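Contents: one structure, followed by commentary.
All values below were derived from every heavy atom in this structure, side-chain atoms included, with hydrogens, water molecules and symmetry-related copies excluded. From a predicted model like this one, the values you see are computed outputs, not experimental measurements. Sequence lines set the chain letters: A, B, ... in the order given, protein chains first and strands last, and positions in each chain run from 1.
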Protein chains: 2
Amino acid sequence: MDSAIVKNKSLLLYAGSLAVLMLLLKWLEYRLVIINYSFEIYIGSIALIFTLLGIWLALKLAKPKKEIIIIEKTVEVSGDRPFEINSAAIETMGLSKRELEVLQLMSNGLSNIEIAERLFVSLSTVKTHSSNLFQKMDVKRRTQAIEKAKSLNIIE
Amino acid sequence: MDSAIVKNKSLLLYAGSLAVLMLLLKWLEYRLVIINYSFEIYIGSIALIFTLLGIWLALKLAKPKKEIIIIEKTVEVSGDRPFEINSAAIETMGLSKRELEVLQLMSNGLSNIEIAERLFVSLSTVKTHSSNLFQKMDVKRRTQAIEKAKSLNIIE
DNA sequence: ACAAAATTCAACCTAAAGTATGAATTAAAA
DNA sequence: TTTTAATTCATACTTTAGGTTGAATTTTGT
């Protein structure tokens with residue numbers, strides 16, 4: 001839409017300039033005819049004027065061609081991973097909140113008794129949780145559970 | 001340097017074109033004078049030719065103005081770390097080759113018996129290695145050893 | 001309010017992990 | 001070559017881990 005307007009503007013300007021030039025030339029012609037002045041100068045001036053007109057026109061029309069496009073392609077820098085828990089894996093395994101806590105503390109290197117003290121529950125409770133945990137995760141040992149949990153990103 | 005050559009080329013082309021046009025005009029002039037043809041057409045053709053010449057000249061000279069600069073600013077992504085073992089930590093702890101193997105297999109979730117089978121040694125040997133391992137690493141359990149080893153980058 | 005799931009705990013048992021001591025063999029360093 | 005460190009193994013013991021059953025309580029979703 002803008003280009004159309006610009007083109008129209010250019011055309012109007014061109015038309016106007018042409019009209020003015022024609023008048024000028026007509027005046028020059030009569031003047032030259034009357035006083036019988038140098039014909040070559042007349043032609044030369046016409047050539048010069050129209051050359052300049054052409055240059056002006058071309059510059060006017062070729063103006064929007066000088067485009068400068070700067071594309072910044074920035075990719076995120078992952079210095080340290082933010083760690084995003086794999087909720088889907090937890091869901092599919094059916095791990096409960098408490099079981100996850102036990103799993104996390106196991107991964108931190110705590111024994112069952114230490115976990116019990118940390119969570120203010122008995123050793124029996126921790127054992128129950130861990131046992132259910134292993135069944136749900138389909139592992140035999142806490143070390144396997146830790147390995148699997150870390151590879152599945154369900155603990156930190 | 002290139003722009004200078006281009007300018008020279010353009011000027012040479014311009015000079016050549018001018019010469020040819022002058023000859024053409026001279027020929028036209030004589031022809032028109034002789035047969036006394038329409039003067040307006042003569043002037044018009046001159047105007048047209050020189051307008052076109054001006055346009056051509058302008059486009060030729062204004063050519064380097066249509067610059068398209070594309071700047072791609074790409075930042076490196078550190079997807080997965082290559083993992084570099086911390087030999088210094090292993091040295092300071094005084095861990096032997098075999099102890100490291102046991103530690104690695106522990107971290108993979110293997111039991112002592114499984115480790116023994118994997119390394120073709122007895123369960124006693126694995127127990128000895130693991131026990132010495134814990135003393136050297138100053139930990140009480142295999143889970144602690146795994147945690148510490150991973151944080152110190154001495155195993156994968 | 002009711003049913004299902006989650007959490008808690010106990011008691012008993014087996015398996016595995018971990019400690020301690022002693023010793024034989026092998027590989028590497030002085 | 002001799003000494004030291006590493007590797008290997010056994011035996012006995014203690015501690016922890018893990019499994020099973022059963023049950024009480026709480027939370028949660030319908």
Side-chain angles (χ1 to χ4, degrees), chain A residues 85-152 154-155, chain B residues 85-152 154-155:
Chain A
I85 55 167
N86 188 359
S87 306
I90 297 173
E91 279 294 319
T92 51
M93 287 182 180
L95 300 182
S96 71
K97 206 183 297 178
R98 211 57 165 166
E99 286 164 350
L100 264 177
E101 289 182 284
V102 172
L103 180 58
Q104 177 64 65
L105 294 175
M106 271 183 181
S107 173
N108 294 344
L110 277 70
S111 69
N112 286 341
I113 296 175
E114 289 169 343
I115 294 171
E117 288 169 352
R118 184 74 70 89
L119 299 180
F120 301 105
V121 293
S122 72
L123 175 60
S124 300
T125 305
V126 176
K127 282 188 174 183
T128 306
H129 285 322
S130 65
S131 202
N132 295 332
L133 192 59
F134 300 153
Q135 270 189 308
K136 289 178 179 176
M137 293 185 73
D138 191 33
V139 296
K140 292 178 180 178
R141 283 170 288 280
R142 66 200 6 253
T143 49
Q144 275 186 3
I146 293 167
E147 173 70 14
K148 194 164 188 174
K150 287 203 174 181
S151 69
L152 290 177
I154 71 182
I155 57 170
Chain B
I85 53 167
N86 187 0
S87 305
I90 297 173
E91 278 294 320
T92 52
M93 287 183 180
L95 299 183
S96 71
K97 205 183 298 176
R98 211 56 164 168
E99 286 164 350
L100 263 178
E101 289 182 283
V102 172
L103 180 59
Q104 177 64 65
L105 294 175
M106 271 183 182
S107 172
N108 293 345
L110 276 70
S111 68
N112 285 341
I113 296 175
E114 288 170 344
I115 294 171
E117 289 169 350
R118 184 75 71 88
L119 299 180
F120 301 105
V121 293
S122 72
L123 174 60
S124 301
T125 305
V126 176
K127 282 188 176 185
T128 306
H129 285 321
S130 65
S131 202
N132 295 332
L133 193 57
F134 300 154
Q135 271 189 310
K136 289 178 179 176
M137 293 184 74
D138 191 33
V139 295
K140 292 178 178 178
R141 282 170 289 280
R142 69 216 275 111
T143 49
Q144 276 186 3
I146 292 167
E147 174 69 13
K148 194 164 188 174
K150 286 203 172 181
S151 69
L152 291 176
I154 71 181
I155 56 169

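- Residue Lys97(B) contributes atom NZ, which lies 10 Å from atom C1' of dA27(C) at whole-angstrom precision.
- Rounded to a whole Å, the CD atom of Glu114(A) is 13 Å from the C1' atom of dA17(D).
- DNA chain C is contacted by both Thr128(A) and Lys140(B); Thr128(A) maps to the nucleotide lying nearer its 5′ end (nearest heavy atom per residue).
- Going from atom CD1 of Ile115(A) over to atom C1' of dT7(C) covers 16 Å, rounded to whole Å.
- A straight line from CE of Met137(B) to P of dT19(C) spans 13 Å, rounded to a whole angstrom.
- In terms of heavy atoms, Leu100(A) sits closest to Ile154(A) at CD2-O, 3.9 Å.
- Nearest to the side-chain atoms of Ser124(B) among the listed nucleotides dT16(D), dA10(D), dT8(D) stands dA10(D).
- For the residue pair Phe134(A) and Met106(A), the shortest heavy atom distance occurs at CZ-CE, 3.6 Å.
- For the pair His129(A) and dT7(C), the criterion of a side-chain N or O lying under 4.0 Å from OP1 or OP2 is not met.
- The side chain of Ser96(A) contributes no N or O atom lying less than 4.0 Å from OP1 or OP2 of dA5(C).
- No hydrogens or angles considered: a donor-acceptor pair under 3.5 Å links the side chains of Ser122(B) and Thr125(B).
- Protein atom CD1 of Ile113(A) is 17 Å distant from nucleotide atom P of dT14(D), rounded to whole Å.
- With sequence neighbours excluded, no residue forms a side chain to side chain donor-acceptor pair (under 3.5 Å) with Lys140(A).
- The side chain of Ser122(B) has dC9(D) as its nearest neighbour among dA17(D), dC9(D), dA17(C).
- Residue contacts for Ser111(A): at a heavy-atom cut-off of 4.0 Å it reaches the sugar-phosphate backbone alone, with no base atom in range.
- Regarding contacts with the backbone of dT7(D), every side-chain N or O of Arg98(B) stays at 4.0 angstrom or more from both OP1 and OP2.
- The nucleotide whose nearest atom lies closest to any side-chain atom of Val121(A) is, among dA17(C), dT8(C), dA17(D), dT8(C).
- Within the structure, every side-chain polar atom (N or O) of Ser131(A) is placed at least 4.0 Å from both OP1 and OP2 of dG18(D).
- Between dT7(D) and Thr125(B), no contact under 4.0 Å exists linking OP1 or OP2 to a side-chain N or O.
- In Leu123(B), the CG atom is crowded: over 12 heavy atoms of neighbouring residues, nucleotides or ligands sit closer than 6.0 Å.
- Checked against dG18(D), dC9(D), dT7(D), the side chain of Phe134(A) finds its nearest nucleotide in dG18(D).
- Partners of Lys150(A) by side-chain contact (heavy atoms from CB on, under 4.5 Å), not counting sequence neighbours, listed by chain and number: Ser107(A), Ile146(A), Ile155(A), Glu147(B), Lys150(B).
- Between the C1' atom of dT26(C) and the CZ atom of Phe120(B) lies a distance of 19 Å, rounded to the nearest Å.
- Out of dT7(D), dT19(C), dA17(D), the shortest distance to the side chain of Asn112(A) is found at dA17(D).
- In this structure, Ser130(A) reaches neither bases nor backbone, as no heavy-atom distance under 4.0 Å exists between it and the strands shown.
- Taking 4.0 angstrom as the limit, Arg141(B) places none of its side-chain polar atoms (N or O) nearer than this to OP1 or OP2 of dT16(D).
- The separation between Leu133(A) atom CG and dA6(C) atom P is 13 Å, rounded to whole Å.
- Regarding Asn132(B), its CG atom lies at a distance of 10 Å from the P atom of dT7(D), rounded to whole Å.
- The Lys127(B) side chain lies nearest to dT19(C) when the options are dT19(C), dA17(D), dT7(C).
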